[in-house]
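None of the values given here were measured: they were computed from a predicted structure. So that the names make sense, note that chain A is the first sequence line, chain B the second, and so on, each numbered from 1. FYI, side chains are in, hydrogens and waters are out, and symmetry mates aren't considered; it's all heavy atoms of this structure.
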Amino acid sequence: MSLNPAQRAAVEHCDSPLLVLAGAGSGKTRVITQKIQHLIVNRRMPASKIAAITFTNKAAREMRERAAALLRGVDSEGLTVCTFHSLGLNFLQIEHEAAGLRRGFSIFDSDDSGALVKDLMPRGAKGPDIAAIRGLISRVKSDGLTPERAAELATSPREREAADIYGQYQKRLAAFNAVDFDDLIRLPVHLLDAHEHLREAWRERLRYLLVDEYQDTNGTQYALLKLLAGPRGGFTCVGDDDQSIYAWRGADTANIERLGQDWPQLRIIKLEQNYRCARRILRAANTIIANNPHLHPKKLWSDHAEGEPIRVFACNDNEQEAERVAAEITFLAHKHKAEWSAFAILFRGNHQSRALEKALQLQRIPYHLSGGTAFLERAEVKDALSWLRLLANPDDDAAFLRAVAAPKREIGATTLARLGEMANALHLSLGRAAERPDVLGQLPARSANALDGFISLVSRLRRAAAMMTAGDLCRKLVQDTGQLAAIRSECKDDALFERRRGNVDELAQWFDAAGKGSSGDLVAQLALLTNADRDSPGNAVRLMTLHASKGLEFDFVFIVGVEDGLLPHESSIDEGRIEEERRLMYVGITRARRVLHLSYARHARRFGEIVRVTPSRFIEELPAAELHFVGRDAEQDAERTQEHAGAAIARLKALFGE
DNA sequence: GGTGAGCTTCTTTAC
DNA sequence: GAAGCTCACC
């Protein structure tokens with residue numbers, strides 16, 4: 001557990017701002033967690049004044065666990081380990097008044113804000129247009145621009161349109177008592193900038209900041225860091241420009257340079273010894289990343305063993321690829337007597353997990369799919385959540401629109417459109433408008449009755465909500481709203497019904513576990529969560545995107561779909577963002593401790609058609625001497641039958657336990 | 001107002 | 001090849 005000199009220096013340097021340029025596998029999490037310990041134990045800083053900030057929930061969770069293990073016996077009460085977004089949410093929940101928000105405000109997720117943008121665009125706007133406008137709005141928001149400023153800076157008709165819609169969008173959000181993901185950073189920045197008393201209070205509250213994956217900060221996140229740290233600069237930023245893979249959501253590696261400009265007393269420490277990868281793997285990683293330009297050249301080295309050659313599997317299609325990966329995992333697990341959790345399968349896009357899951361199920365290999373929001377995307381979970389949101393925030397129109405149809409209660413598009421018009425005219429939210437007799441009076445009796453019934457159900461549940469925990473409320477409302485009954489009648493067989501009811505149960509249990517806080521506050525926190533953090537993965541093969549894998553490490557790593565068009569991704573090729581794709585490949589390679597497998601398919605289904613695909617250009621960039629190709633040439637057929645036999649044997653072994 | 005057949009469109013990555 | 005959307009029908 002001892003630190004090398006550079007790591008030690010990074011841990012002990014607390015008197016001026018510090019930037020740690022940490023190569024992959026150089027022990028940066030260890031530096032951060034030990035530094036937390038150092039601050040508490042040697043510098044006598046209360047844990048409650050320290051915040052470690054990460055970018056993904058997964059990273060936060062990992063950090064929290066590692067810190068807890070290290071801090072056993074140390075008073076670490078009140079230590080903050082969270083993402084930028086949850087820090088922002090926490091800030092807004094405390095300072096909601098200054099932000100012009102009422103208690104119980106909602107968070108609009110991507111779906112909600114997409115629907116809102118669509119609503120604000122001319123009728124008949126197409127999907128891609130909506131997505132483009134949304135992207136532009138998000139971009140100007142994470143650059144910290146106001147709608148007015150965005151309009152001034154717009155250089156194309158589309159940007160002007162986006163700036164215009166951005167303005168209306170913010171007004172709607174304010175009316176809904178809601179914020180979106182970008183606001184979680186943008187609003188705290190705005191408030192800290194505008195109010196000296198808030199600045200002082202929060203600088204006192206958070207005396208020391210540790211920012212992980214610093215290369216991924218965007219404009220507003222940098223502004224937040226700057227405002228919270230102040231001129232004193234009580235912070236350590238840890239980053240690696242070679243692992244910058246979030247430029248598409250506004251991350252700017254120029255923020256690395258900015259630190260030295262804003263804090264001239266900044267100290268920089270480089271960590272260049274890799275403790276993770278076998279040498280061959282590290283050589284491959286270094287070779288491929290050498291194709292990118294560098295501002296801070298670093299030379300990563302390792303004193304580990306050489307390790308095995310990197311195997312490259314050529315397959316016919318992604319089903320065969322998945323089968324082979326699964327067979328190989330079974331084989332390696334037996335050979336090395338390894339736990340399933342020592343294996344990870346990494347891919348570019350979430351949809352690639354399907355074929356893999358199928359193959360793993362078939363071969364009886366336990367797996368855990370992390371990342372994505374599959375759980376929260378489930379219809380029954382979204383329905384229950386929209387009810388919770390509406391109960392906490394009567395002005396949440398997005399929640400109203402979903403809850404009103406969960407289950408169906410004879411209130412359809414026509415009625416809602418009429419209600420919407422009247423609500424707009426009265427400057428009221430849908431929920432408030434539907435409470436008013438004069439509004440209901442203008443609707444056909446049948447619709448008015450249905451709405452009235454809905455509203456009284458809402459107010460009854462809202463009264464009940466005040467007296468129960470969020471978990472109990474969740475269980476009660478699926479009963480009382482008729483959701484459970486609707487699910488039962490929709491489900492053909494009992495097993496399906498049980499599974500869907502189980503999802504709702506799980507939601508309630510999440511609230512039970514989350515403990516303190518009003519249901520409104522907890523629902524907001526849940527909006528920031530992805531599947532990744534829901535349950536502990538246990539002893540299972542990990543499936544995740546390359547993006548989600550950053551910061552993690554595994555003995556055995558399989559990167560699948562190493563094809564031109566996927567990795568590098570088609571749109572990144574078109575738009576000349578090949579360097580970021582290369583960094584993504586680099587991140588994937590450097591996750592592996594002992595064994596690295598790459599694979600690609602020669603054919604892929606696209607738009608239902610089967611098309612030929614070429615292996616990724618990144619395979620060419622790897623040092624040929626380190627690679628061992630399987631199935632690339634004429635011997636491919638012979639190999640394949642062998643593999644199939646191997647897979648069959650492995651399956652039998654799995655079935656009968658040897 | 002609700003439902004299902006047939007049409008289109010889509011495919012990045014995350015909070 | 002799936003999910004969303006539109007339109008006709010109950």
Side-chain angles (χ1 to χ4, degrees), chain A residues 53-60 82-89 107-115 118 124 126-131 135 138 141-142 179-186 213 216-218 220-221 244-251 346-355 370-373 376-377 379 404-405 407-417 444 446-447 450-451 486 490 524-533 544-550 561 565-575 577 580-581 583-585 587-588 604-610:
Chain A
I53 305 170
T54 63
F55 278 81
T56 59
N57 289 303
K58 194 196 287 286
C82 66
T83 62
F84 263 106
H85 287 86
S86 37
L87 179 69
L89 173 60
I107 296 182
F108 269 32
D109 66 17
S110 326
D111 283 352
D112 295 323
S113 60
K118 187 182 173 195
K126 297 255 185 301
D129 296 332
I130 298 166
S138 176
K141 285 181 82 164
S142 47
V179 297
D180 69 9
F181 287 142
D182 297 320
D183 288 330
L184 292 176
I185 316 292
R186 199 184 61 104
E213 309 287 5
D216 289 326
T217 47
N218 66 24
T220 40
Q221 286 160 342
S244 162
I245 52 175
Y246 286 102
W248 53 273
R249 61 164 195 193
L346 311 180
F347 37 79
R348 180 66 230 266
N350 282 310
H351 65 277
Q352 289 174 267
S353 67
R354 289 227 181 112
S370 61
T373 50
L376 295 169
E377 300 283 296
V404 81
K408 301 264 193 311
R409 42 172 46 83
E410 307 202 301
I411 300 168
T414 322
T415 307
L416 290 174
R446 197 180 139 148
S447 312
L451 260 182
E490 272 172 35
Q525 287 168 31
L526 193 64
L528 296 183
L529 229 61
T530 50
N531 222 14
D533 335 83
M544 67 187 86
T545 63
L546 287 157
H547 282 89
S549 76
K550 191 159 58 125
L566 251 187
L567 182 61
H569 195 272
E570 190 83 57
S571 39
S572 299
I573 300 173
D574 296 345
E575 288 158 46
R577 293 193 312 256
E580 181 148 308
E581 298 290 306
R583 289 193 290 268
L584 200 49
M585 183 77 187
V587 165
R605 247 196 292 272
R606 232 164 263 177
F607 298 108
E609 294 296 303
I610 298 198

Starting at the 5' end of DNA chain B, which residue's closest nucleotide do you reach first, A/Phe84 or A/Arg577?
-> A/Arg577
Report all interatomic pairs (protein N or O, nucleotide N or O of nucleotides 2-4 of chain B) with separations under 3.5 Å.
| residue | atom | partner | partner atom | Å |
| --- | --- | --- | --- | --- |
| B/dG2 | OP1 | A/Glu410 | N | 3.0 |

Taking only N and O in the side chain of A/Asn350, is any of them less than 4.0 Å away from OP1 or OP2 of B/dA14?
-> yes
Residues which pass ring pair (Phe, Tyr, Trp, His ring centres under 6.0 Å) with A/His569, listed by chain and number, not counting sequence neighbours = none
Can you figure out which of B/dC15, B/dG1, B/dT13 approaches the side chain of A/His547 most closely?
-> B/dT13
Figure out the CD/C1' separation between A/Gln352 and B/dT13, and round it to whole Å.
-> 11 Å
Ionic contact status for A/Asp180 with A/Lys141, cut-off 4.0 Å = yes
Residues two or more places apart in sequence or in another chain: which of them pass side chain to side chain donor-acceptor pair (under 3.5 Å) with A/Gln221?
-> none
Centroid distance under 5.5 Å and plane angle under 30°, A/Tyr246 vs B/dT13 = no
What nucleic acid atoms does A/Arg583 come within less than 4.0 Å of, heavy atoms only: base, sugar-phosphate, or nothing?
-> nothing
Could I get the full list of side chain to side chain donor-acceptor pair (under 3.5 Å) partners for A/Ser142, not counting sequence neighbours?
-> none
Whole-Å distance separating the CG atom of A/Leu451 from the P atom of B/dG1 | 10 Å
From CZ (A/Phe181) to CG (A/Leu89), nearest 0.5 Å = 10.0 Å
Rounded distance (Å) that lies between atom P of B/dT13 and atom CG of A/Leu566 | 10 Å
Contacts of type ring pair (Phe, Tyr, Trp, His ring centres under 6.0 Å), residue A/Phe55, not counting sequence neighbours | A/Phe84
Rounded off to whole Å, could you give me the CZ-to-C1' distance for the A/Arg354 and C/dG1 pair?
-> 9 Å
Given the C1' atoms of C/dG4 and B/dT13, what is the spacing between them in whole Å?
-> 22 Å
Rounded to the nearest angstrom, tell me the gap between atom CD1 in A/Ile245 and atom C1' in B/dC15.
-> 14 Å
Side chain of A/Trp248 only, please: which of C/dA2, B/dT13, B/dC15 is the nearest?
-> B/dT13
In whole angstrom, give me the gap between the C1' atoms of C/dT6 and B/dT11.
-> 23 Å
Nearest-nucleotide check on DNA chain B, A/Phe181 vs A/His569; residue mapping nearer the 5' end is A/His569
Quick one: side chain to side chain contact (heavy atoms under 4.5 Å, CB included) partners of A/Ser86, sequence neighbours excluded?
-> A/Cys82, A/Thr83, A/Leu528
Rounding to a whole Å, what distance do you find between A/Met544:CE and B/dA14:P?
-> 11 Å
What is the nucleic acid contact for A/Thr415, judged by heavy atoms within less than 4.0 Å: base, sugar-phosphate only, or nothing?
-> sugar-phosphate
In whole angstroms, how far is the P atom of B/dA14 from the CZ atom of A/Phe108?
-> 23 Å
For B/dA14, does OP1 or OP2 lie under 4.0 Å from any side-chain N or O of A/Thr545?
-> yes
Nearest whole angstrom, please: distance from the P of B/dG1 to the CZ of A/Arg446.
-> 8 Å
Charged N-O contact under 4.0 Å between A/Glu580 and A/Arg583 = yes
